[in-house]
Amino acid sequence: MTSSRTPLFAANWKMYKTLKEAAVFFETFLKLLPQKMEEEIVIFPPFTLLYSISSFIGTKIKIGGQDLFWEKEGAFTGEISPLMLKDSGCHFVLIGHSERRKYFAETNSMINKKVLSAFEYGLKPVLCIGETLEEMGKGMTRQILTKQIQEGLKGVAHSDFEKLVVAYEPVWAIGTGKADTPSQSNETIRFIRETLSDLCGIHEADKIRILYGGSVKPQNIRGFIEQPEIDGALVGGASLNPEDFARIVFSRVLS
Ligand code: PGA
């Protein structure tokens, strides 16, 4: 972590929590937040909770959608537009999570349309990238990440890059309890920043926050955020528990 980029901790709740369960989470979590904090916190709940949550979380926490469809409106049954996310109080949107790539056949070109649409409507995209176990085994990690970055960010305006967040989530580390090592992920994230700088220049690439995600827990977060290239974390399972998520967000202060 470096002082020039604001640390960002994001909770990906996936398809978990009813409204009642979310209210219970925030009852505890809000009490654990300090008066003044430098960390930025974003919760990505299911779509059904966005609006109600935005009305009771206050100003210290932001919310985001777990996905979006690139059109503003239209006959697209079941989809949610960037305008609707904004309308529900969102500042951020997750794009290209590996579960969407795997179970919903999202391609880099679909992801690209989503990224461009997010920027157009004033949402900050959190672009998720990462290699599978098989790709890592074949030594293809850098090749895969380069493709995901180049194709996913095609046509992004130079001035939008600083609003971008990238989450490096090795697919083999998600929900497996087998996190990447801090030093290895730092190296990969350094490579990601170099690849981004080919698109937008070093100056802009230096402002982009790059998170690590994949089996982040209160027990291992310190190792990651002590690394100079890692600006925070995208947390799945451990973000469902308010105490655990607070221990992750504030690990530097708490220990
Ligand atoms: P995990 O999930 O923390 O449960 O591994 C991370 C993610 O999918 O974003």
Side-chain angles (χ1 to χ4, degrees), residues 7-17 21-22 25 29 39-47 49-50 61-68 90-106 111 114-115 118 123-136 141 144-145 148-149 152 164-182 184-186 188-189 192 209-225 227 230-251:
L8 174 62
F9 292 88
N12 175 11
W13 281 3
K14 309 193 179 191
M15 201 172 70
Y16 291 101
K17 290 199 194 294
E21 288 164 344
F25 174 95
F29 189 68
E39 295 80 5
E40 190 166 23
I41 301 175
V42 187
I43 310 273
F44 293 93
F47 291 131
L49 302 184
L50 285 169
I61 304 173
K62 297 197 175 72
I63 53 168
Q66 294 177 13
D67 183 31
L68 87 175
C90 290
H91 287 86
F92 287 82
V93 58
L94 280 184
I95 298 181
H97 189 278
S98 66
E99 286 149 18
R100 298 224 46 97
R101 293 179 191 257
K102 181 176 173 193
Y103 301 123
F104 304 97
E106 282 196 14
I111 287 163
K114 294 183 178 198
V115 168
L123 291 163
K124 292 182 183 167
V126 179
L127 173 66
C128 302
I129 58 174
E131 80 286 1
T132 63
L133 190 61
E134 197 190 345
E135 288 158 350
M136 181 179 67
T141 299
I144 294 294
L145 295 175
Q148 290 174 336
I149 293 167
L164 174 72
V165 178
V166 175
Y168 169 56
E169 298 204 303
V171 181
W172 47 267
I174 296 178
T176 58
K178 294 189 190 119
D180 198 356
T181 63
Q184 173 77 32
S185 51
N186 188 61
T188 309
I189 288 176
I192 291 171
R209 288 176 291 176
I210 311 183
L211 317 179
Y212 168 77
S215 295
V216 168
K217 307 282 175 225
Q219 297 77 11
N220 65 14
I221 183 65
R222 276 303 286 262
F224 290 104
I225 55 165
Q227 303 294 325
I230 304 182
D231 303 315
L234 176 57
V235 188
S239 74
L240 295 168
N241 176 292
E243 280 96 1
D244 283 351
F245 189 51
R247 281 166 68 205
I248 289 171
V249 178
F250 303 111
S251 70

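Along the sequence shown, the residues carry numbers beginning at 1. Computed from a predicted model, the values in this text were never measured in an experiment. Whatever order the structure lists them in is the order used to number ligands and atoms, beginning at 1.
The shortest heavy-atom distance from A238 to ligand 1 is not under 4.0 Å. Not close to ligand 1: G213, with no non-hydrogen atom less than 4.0 angstrom away. Residue contact annotation: K217 has no non-hydrogen atom under 4.0 Å from ligand 1.
Nearest heavy-atom pair across I95 and L68 is CD1-CD2, 3.8 Å. Counting all heavy atoms, side chain and backbone alike, I63 lies closest to L50 at CD1-O, 3.4 Å.
Within the listing of ligand 1, atoms 2 (O), 7 (C), 8 (O) sit less than 4.0 angstrom from a heavy atom of K14. Numbered from 1 in the order shown, with element, the atoms of ligand 1 that lie under 4.0 Å from a heavy atom of G214 read 5 (O). Close contacts of ligand 1 with H97, meaning ligand atoms under 4.0 Å from a residue heavy atom, involve 7 (C), 8 (O), 9 (O). With ligand atoms numbered from 1 in the order given, ligand 1 contributes 1 (P), 3 (O), 4 (O) to contacts under 4.0 Å with heavy atoms of G237. Here is the list of ligand 1 atoms found below 4.0 Å of a heavy atom in S215: 1 (P), 3 (O), 5 (O).
Within the 3.5 Å criterion, the main-chain N or O of L240 finds a donor-acceptor partner in the side chain of K17. Side-chain N or O atoms of N220 include one that pairs as donor or acceptor with a backbone N or O of S215 at under 3.5 Å. Without hydrogens or angle criteria, Q66 side chain to K14 main chain gives a donor-acceptor distance under 3.5 Å.
Compare S98, G175, S239, C128 by their heavy atoms: the one nearest to atom 5 (O) of ligand 1 is in G175.
Distances between N or O atoms of L234 and those of ligand 1 include no value under 3.5 Å. Of the polar atoms of E169, at least one N or O is found under 3.5 Å from an N or O of ligand 1, judged by distance alone. At a 3.5 angstrom cut-off on N or O pairs, G236 counts as close to ligand 1.
Residue contacts with ligand 1, taken as heavy atom pairs separated by less than 4.0 Å, involve I174 via backbone and side-chain atoms alike.
Among F25, Y16, W13, the one residue that satisfies the side-chain contact (heavy atoms from CB on, under 4.5 Å) test with P45 is W13. L234 pairs in a side-chain contact (heavy atoms from CB on, under 4.5 Å) with only one of the listed residues (L8, V216, L94), which is L94.
Between F92 and F44, the ring-plane angle classifies as perpendicular under the 30° and 60° cut-offs.
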Given the rule in the side chain to side chain contact (heavy atoms under 4.5 Å, CB included) test, do F47 and D67 qualify, once you have shown the distances and angles that lead to the verdict?
CA-CA 9 Å; F47 291 131; D67 183 31; 4.2 Å; yes
